[in-house]
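To start, the structure under review is shown below, and the notes come after it.
Counting starts at 1 for both ligands and their atoms, in listed order. For the numbers below, each heavy atom of this structure counts, side chains included, while hydrogens, waters and symmetry mates do not.
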Amino acid sequence: MKYDYLIVGAGLFGAVFAHEAAAKGKSVLVIDKRDHIGGNIYTENRMGINVHKYGAHIFHTSDKEVWEYVNRFAEFNNYINSPVAVYGDELYNLPFNMNTFSKMWGIKTPDEARAIIKEQADKEIERINSEKGTDVFSPDNLEEQALSLAGRDIYEKLVKGYTEKQWGRDCKELPAFIIKRLPMRFIFDNNYFNDRFQGIPVGGYTALVEKLLENVTVKTGVNYYDFVKLQDNLPVRPFESVEGDSFDNLVFTGMIDEFFGYKLGTLEYRSLRFETEDLPDTDNFQGNAVVNYTERQIPYTRIIEHKHFEFGQGKGTIITREYPADWKKGDEPYYPMNDEKNNQLYQSYKDLAKDFPEIIFGGRLGQYKYYNMDQIIREALDMSAKI
Ligand code: FAD
C-alpha cells in the first residue's frame with residue numbers, strides 16, 4: 001500500500017493528527033508498539049469501571065476551540081477535580097484554599113489566613129537570612145523557597161514529603177526554581193484547576209480515541225523500529241515498511257533521542273509505578289477519586305479510586321496506588337526532566353531533525369515537553385492545519 005502518512009503512536013497526538021489528515025482526504029496508517037490505542041490516556045473497563053491505566057487523567061482547558069473539538073468525540077461529565085491530602089490523622093482539602101487554612105488553624109476569614117501565612121513566611125526568611133549573614137533573601141533550594149512562600153505549617157504538612165517522594169530527593173537538595181510559586185486561594189473553593197472547562201469523557205478515554213481513529217487504519221503491537229526500513233537506525237528515503245508499504249510523510253510521537261539512536265546522549269525522565277487492586281466487595285474505598293499522601297514514610301504519593309471519576313455507584317471498586325520512580329532506559333518515560341541540561345540536549349536533537357523536514361516530531365516524547373491533553377490537541381490541530 002502507498003500511504004500519505006505513517007503516524008507512529010496511537011496516543012492523543014497521533015490520533016488527533018490522524019483524524020485531521022484523514023478528514024483532508026489523506027491516506028493514513030497509525031502504528032503503536034503497545035497492544036492498544038490511546039497511549040497514556042488509555043482506559044480499560046473492568047467491573048463496569050473505567051480504569052485509568054497510566055495514571056489519573058482529568059481533562060481541563062480554557063481553550064474553547066479545543067473543548068468544542070473533544071466534545072465532538074465524547075460526551076464529558078461534570079467531574080471537578082477536588083483532591084484531598086492525608087497527613088497522619090489529618091485530612092486537608094487541596095488546592096491550598098480557605099478550607100485548607102480553616103482546618104489547619106481553626107480560622108474563618110481570608111485576612112486571618114493571610115496574616116498567619118505572612119507571619120510564618122517572614123519568620124523563615126528572617127531565620128534563613130540570619131543563618132547566611134545577609135539581608136537579601138535568595139533561596140538556595142526548594143525548602144527555602146517553599147518556606148518563604150507558605151511558612152512552616154503548610155510546608156511541613158503538605159509540601160515537603162510529597163515533593164521529596166515525587167523527585168526521590170530531599171527538598172534541601174532540590175533546586176528552588178522547581179517551585180516558582182505555591183498557588184493559594186483565599187476563597188472556599190476546592191476545584192483543583194482554574195480552567196473554564198473540565199470533565200471526564202463518559203465511557204472513558206479509549207472510546208474517545210476510538211472515535212478519533214474511526215476512519216483510519218491502525219495496527220497495534222507494531223514497533224516502528226521493526227516496521228520501517230532503517231539504515232544506521234534512521235529511516236531510508238523514500239520511507240518504506242519492511243513489508244513494502246510506502247509513505248510520503250512520517251509523524252513520530254515516540255522518544256526523539258531513541259529515534260536518532262541516542263547518538264547525542266540520553267534524555268532523562270521521571271517514571272511511575274502503578275499498583276492496582278480490584279476490591280469487588282468494597283463499594284467506596286476512600287470517598288474521593290484522588291487522595292494524596294503527603295508524608296514521606298508512606299511510599300506512594302496518591303491513591304486513585306477510579307469509579308469516582310464517573311460518579312460510579314454499586315458494588316465493587318478499583319484503586320491504584322501511584323509510586324514515583326527513577327527512570328532508566330526501557331522504563332515508561334512519564335515526565336520529561338525539563339532542566340537546563342536536558343533542554344539543551346533536546347535542542348541538539350531538534351537541530352538533527354532539520355535533516356528530515358518531511359518528519360513531524362509531535363507529542364510529549366517527540367517534543368520532550370510535559371503537555372496536558374488540551375495542549376497536545378492544540379499542537380496536533382495546529383500542526384495538522386499545515387497539511
Ligand atoms: P503518549 O500518550 O505517550 O502516546 C505516544 C504513543 O507512542 C504511545 O502509545 C507509545 O506506545 C507509542 N510509541 C512510542 N514509541 C513507539 C515506537 N517505537 N513504535 C510504535 N509506537 C511507539 N494531562 C491532562 O490534561 N490532565 C491530566 O490529569 C493528566 N494526568 C496525567 C497523569 C500522568 C501520570 C501522566 C504521565 C500524564 C498526565 N497528563 C495529563 C498528560 C497526558 O497524558 C498527555 O498530555 C498525553 O497523553 C500525551 O499524548 P501523546 O500522544 O503525546 O503521548
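Taking any N or O of Y370, backbone or side chain, at least one lies under 3.5 Å from an N or O belonging to ligand 1.
Less than 6.0 angstrom separates the ring centroid of F361 from the ring centroid of F259. Ring to ring, Y335 and W327 are not that close: their centroids are 6.0 angstrom or more apart.
Annotation for ligand 1: atoms under 4.0 Å from non-hydrogen atoms of L272 are 34 (C). Residue-ligand proximity, I376 to ligand 1, at heavy-atom distances under 4.0 Å covers atoms 45 (O), 48 (C), 52 (O). Within ligand 1, counting atoms from 1 as listed, the ones closer than 4.0 Å to a heavy atom of G363 are 52 (O).
Side chain to side chain, S27 and D4 meet the donor-acceptor criterion of an N or O pair below 3.5 Å. Checked by atom type, the side-chain pair S62/D195 shows a donor-acceptor distance below 3.5 Å.
Considering each of H60, H57, E258, K33, the one bringing a non-hydrogen atom nearest atom 22 (C) of ligand 1 is K33. Nearest-heavy-atom check against atom 24 (C) of ligand 1 across I7, I377, N372 picks out N372. By heavy-atom distance, the residue among K369, E332, R364, R34 lying nearest atom 53 (O) of ligand 1 is R364.
Ranking the protein heavy atoms by distance from atom 6 (C) of ligand 1 puts D32 OD2, 3.6 Å first.
Residue contacts with ligand 1, taken as heavy atom pairs separated by less than 4.0 Å, involve Y54 solely via the backbone atoms N, CA, C and O.
Cation-pi geometry between K219 and F227 is not satisfied (NZ or CZ under 6.0 Å from the ring centre, within 45° of the ring normal). With a 6.0 Å cutoff to the six-membered ring centre and a 45° limit on the axis angle, R34 does not count as a cation-pi contact of Y42.
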